Amino acid sequence: MPRDKDSRKLRLARHVRVRRRVYGTPDRPRLCVFRSLRHIYAQVIDDVHGHTIAAVSSNEPELRPSENVPKTDVAKIVGSVIATRAMAKGATRVVFDRGGYKYHGRIKSLADGAREGGLVF
């Protein structure tokens, strides 16, 4: 099996393991993160009612990075934007769902940006 498919399989297994414990409620929704090679996506989700409260992506035209901007800096901006959008909808406390990714690099940068934006984990 090629290494890339094996690492994806391991990440999905970690994600399933994390999701057993992490659950979003209306009082404390889940901040879910997805990281692709080029972009990073974040959603604040209420799992009880099954709807997304706020979402943001580095692929949005106003957030699309220009050349030579580090991806960790873009992730921090995405974290601060998701914080402002979630707080505008009334969500100030969230549960962080790292999506099976290790907590470093872009994932950590997004979490730091969300904390600086006012979200409490």
Side-chain angles (χ1 to χ4, degrees):
M1 176 178 281
R3 174 122 173 94
D4 59 342
K5 290 192 178 187
D6 192 39
S7 62
R8 178 171 168 75
K9 189 176 178 182
L10 291 172
R11 184 195 74 83
L12 290 174
R14 280 193 306 270
H15 183 56
V16 168
R17 195 166 52 241
V18 167
R19 285 285 289 129
R20 278 190 214 134
R21 295 193 180 132
V22 176
Y23 191 76
T25 63
D27 296 332
R28 196 164 177 193
R30 176 170 55 101
L31 173 60
C32 181
V33 177
F34 176 74
R35 175 180 63 94
S36 69
L37 290 177
R38 189 175 290 180
H39 297 289
I40 191 157
Y41 307 84
Q43 294 181 338
V44 177
I45 303 169
D46 175 8
D47 288 321
V48 173
H49 296 107
H51 70 277
T52 301
I53 297 169
V56 68
S57 163
S58 64
N59 198 16
E60 293 179 7
E62 62 271 5
L63 296 177
R64 194 167 291 140
S66 60
E67 294 295 322
N68 300 327
V69 176
K71 291 188 257 186
T72 53
D73 293 346
V74 174
K76 192 164 197 167
I77 293 168
V78 168
S80 64
V81 171
I82 193 68
T84 57
R85 289 184 185 178
M87 290 176 70
K89 298 285 179 106
T92 56
R93 295 176 46 97
V94 295
V95 178
F96 189 65
D97 177 11
R98 59 188 173 89
Y101 302 106
K102 294 179 181 176
Y103 187 79
H104 71 98
R106 289 191 280 163
I107 303 298
K108 183 180 184 300
S109 182
L110 187 140
D112 291 341
R115 282 190 192 101
E116 289 175 7
L119 285 181
V120 178
F121 292 16

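This one's a predicted model, so the numbers in the text were calculated from it and none came from an experiment. Along the sequence shown, residues are numbered consecutively beginning with 1.
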I want to check something: taking the side chain as every heavy atom from C-beta on, are [X] and [Y] in contact at a cut-off of under 4.5 Å?
X	Y	result
Leu31	Val95	no
Asn59	His39	yes
Leu63	Val74	no
Ile107	Lys102	no
Asp97	His15	yes
Arg93	Thr25	no

Pairwise distance [atom1]([X]) to [atom2]([Y]) - rounded to 0.5 angstrom:
X	Y	atom1	atom2	answer
Tyr101	Phe34	OH	CZ	4.5 Å
Thr92	Arg28	OG1	CZ	10.0 Å
Ser7	Leu12	OG	CG	9.5 Å
Ile82	Ile53	CD1	CD1	9.5 Å
Ser58	Arg106	OG	CZ	8.0 Å
Arg98	Lys108	CZ	NZ	14.0 Å

Review point. Can you list the steps and then say if Thr52 with Val44 is a side chain to side chain contact (heavy atoms under 4.5 Å, CB included)?
Key: CA-CA 6 Å; Thr52 301; Val44 177; over 6 Å; no
Practice item. Tell me, with the steps shown, if Arg115 and Asp112 meet salt bridge (charged side-chain N to carboxylate O under 4.0 Å, His left out). Key: CA-CA 5 Å; Arg115 282 190 192 101; Asp112 291 341; 3.4 Å; yes
Check your understanding: Is there a side chain to side chain contact (heavy atoms under 4.5 Å, CB included) between Arg38 and Lys71 once you walk through the steps?
Key -> CA-CA 8 Å; Arg38 189 175 290 180; Lys71 291 188 257 186; over 6 Å; no
Non-hydrogen atoms of [X] and [Y] that approach each other most closely:
X	Y	result
Ala91	Leu119	O-CD2, 3.5 Å
Val81	Thr84	O-OG1, 2.8 Å
Val48	Pro26	CG2-CD, 3.7 Å
Ala55	Arg85	O-NH1, 2.7 Å
Thr72	Ser109	O-OG, 2.6 Å
Val78	Ser57	CG2-C, 4.3 Å

Check your understanding: Transitively linked via ILVMFWY side-chain contacts under 4.5 Å: Met87 with Val33?
Key -> yes
Check your understanding: For atom CD of Glu67, is the number of surrounding heavy atoms from other residues, nucleotides or ligands below 6.0 Å larger than 12?
Key -> no
Review point. Between Tyr41 and Arg35, is there a cation-pi geometry (under 6.0 Å to ring centre, at most 45° from the normal)?
Key: no
Point to revise | Donor-acceptor contact present, side-chain Arg30 to main-chain Asp47, <3.5 Å | key: no
Study note, to complete from the structure: When Val22, Val94, Ile45 are each screened for side-chain contact (heavy atoms from CB on, under 4.5 Å) with Cys32, the one that passes is Ile45
